[in-house]
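For reference, the structure discussed in these notes is given below.
Positions are given from 1, in the same order as the sequence printed here. In what follows, every heavy atom counts, from backbone to side chain, and hydrogens, waters and symmetry copies are set aside.
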Amino acid sequence: MLTALVIDASPAARQQVTGLLELAGWGVHEAGDAEDARWLSETISMDLVVTAATVTGAADGPALLAELRAAGSTARFLVVTPDPTDEVRAAAAAAGALACLAAPFDARLLLDLVRNRSTTATAEPLHLVDVEDLEDADLDAELMDRLQVMYDDALPTRLSAIARGVRSGDPRAVATAAQALAGPSGQLGHPEVADVCRAIAADARRGIVAHGRLAELSGLTRPARRRDDVDRRRQLAFAADATAGQADLAGMLHAVDAATGRMMARRRDLAA
């Protein structure tokens, strides 16, 4: 299993990246500051490090990446920031980052960047991957479908984590599990699930478990029902196409019968 380190002071921001990587099968560790990031990088061999542009305990994210590289890290690096200025991009490239992504980012961008690229590092400054070129050239048309299947498959585990936290009376566990589901839900086209999860997490941080929200989440997160809805729409579309085709065929046969009748009548007239 490939291993990633996600560095950000914001738990919600870390969960957005962590949730997507976990869906894709990565093992993920999180660090809220440079001290934890250094310790984890020294302890575990990482294949990927994703950092915010600003990191507590370091000059900035790119500076921390350069420090990790100097300490022997062979991971691929990514920088995520809400404001990817030319200065930040240049610093990211100088630190050996593969790309500097604008937050919030499209789920496909992150996964396509890390999916089919070597984890072999280089000490030389890199030319950052151009995100616009990536969207045009590299994105797999089926990637979002695969992500959705992985999301649906992971739902029982994520919902069970929330339920375990509720049963054990552990608000922190509830908040963590709900936030972990909120990130990928929002990025994979389920904003209503993301909103409810964020509300559950916010309530849990205040020591509140709102069972009404849990019931709402249960009603929203039914992958089988979502798949049934898709299948039903496809079946209706096919039936509509078939009906239209049958109507066209019936019309054509009617026209042929009419033409044949006219030809037979003309022949009878000529014979008479």
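In this structure, the side chains of Val88 and Asp83 stay at 4.5 Å or more apart for every pair of heavy atoms. With a 4.5 Å cut-off on side-chain heavy atoms, Val79 and Leu65 count as touching. A 4.5 Å side-chain heavy-atom check between Asp36 and Asp33 finds at least one atom pair inside the cut-off. Residues Leu214 and Ser218 are not in side-chain contact: their nearest non-hydrogen atoms beyond the backbone lie 4.5 Å or more apart.
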For residues 48-57, which side-chain N or O atoms pair as donor and acceptor with protein atoms under 3.5 Å away, sequence neighbours left out?
none

Distance-only criterion, 3.5 Å: show the donor-acceptor pairs between side-chain atoms of residues 16-23 and protein atoms not counting sequence neighbours.
| residue | atom | partner | partner atom | Å |
| --- | --- | --- | --- | --- |
| Thr18 | OG1 | Arg14 | O | 2.9 |
| Thr18 | OG1 | Glu30 | OE2 | 2.9 |
| Glu22 | OE1 | Arg158 | NH2 | 3.3 |

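Sorted by first and then second residue, the side-chain hydrogen bond (donor to acceptor under 3.5 Å, both in side chains) pairs involving residues 161-181 (not counting sequence neighbours) are Gln179-Arg205. Residue pairs meeting the side-chain hydrogen bond (donor to acceptor under 3.5 Å, both in side chains) criterion with at least one partner in residues 57-68, sequence neighbours excluded, are Arg38-Glu67. Sorted by first then second residue, the salt bridge (charged side-chain N to carboxylate O under 4.0 Å, His left out) pairs that include residues 187-201, not counting sequence neighbours, are Asp195-Arg198.
Arg213 CZ to Cys197 SG: the interatomic distance, rounded to the nearest 0.5 Å, is 11.0 Å. To the nearest 0.5 Å, atom CG of residue Leu155 and atom CG of residue Leu220 are 10.5 Å apart.
A single hydrophobic cluster is seen to contain both Trp39 and Leu5, as judged by linkage of ILVMFWY side chains at heavy-atom distances under 4.5 Å, directly or through other members.
Listed here is the closest heavy atom pair of Met1 and Trp26: SD-C, 3.9 Å. For Gly165 against Val174, the heavy-atom pair with the smallest separation is C-CG2, 3.4 Å. Considering all non-hydrogen atoms of both residues, Ala95 and Pro62 come closest at CB-O, 3.3 Å. Between Ala37 and Leu68, the shortest heavy-atom distance links the atoms O-CD2, 4.5 Å.
Residues passing the side-chain contact (heavy atoms from CB on, under 4.5 Å) test with Ile44, sequence neighbours excluded: Thr3, His29, Leu40, Met46.
Comment: Asp47 does not engage Arg76 in a salt bridge, judged by the lack of any side-chain N to carboxylate O separation of less than 4.0 angstrom.
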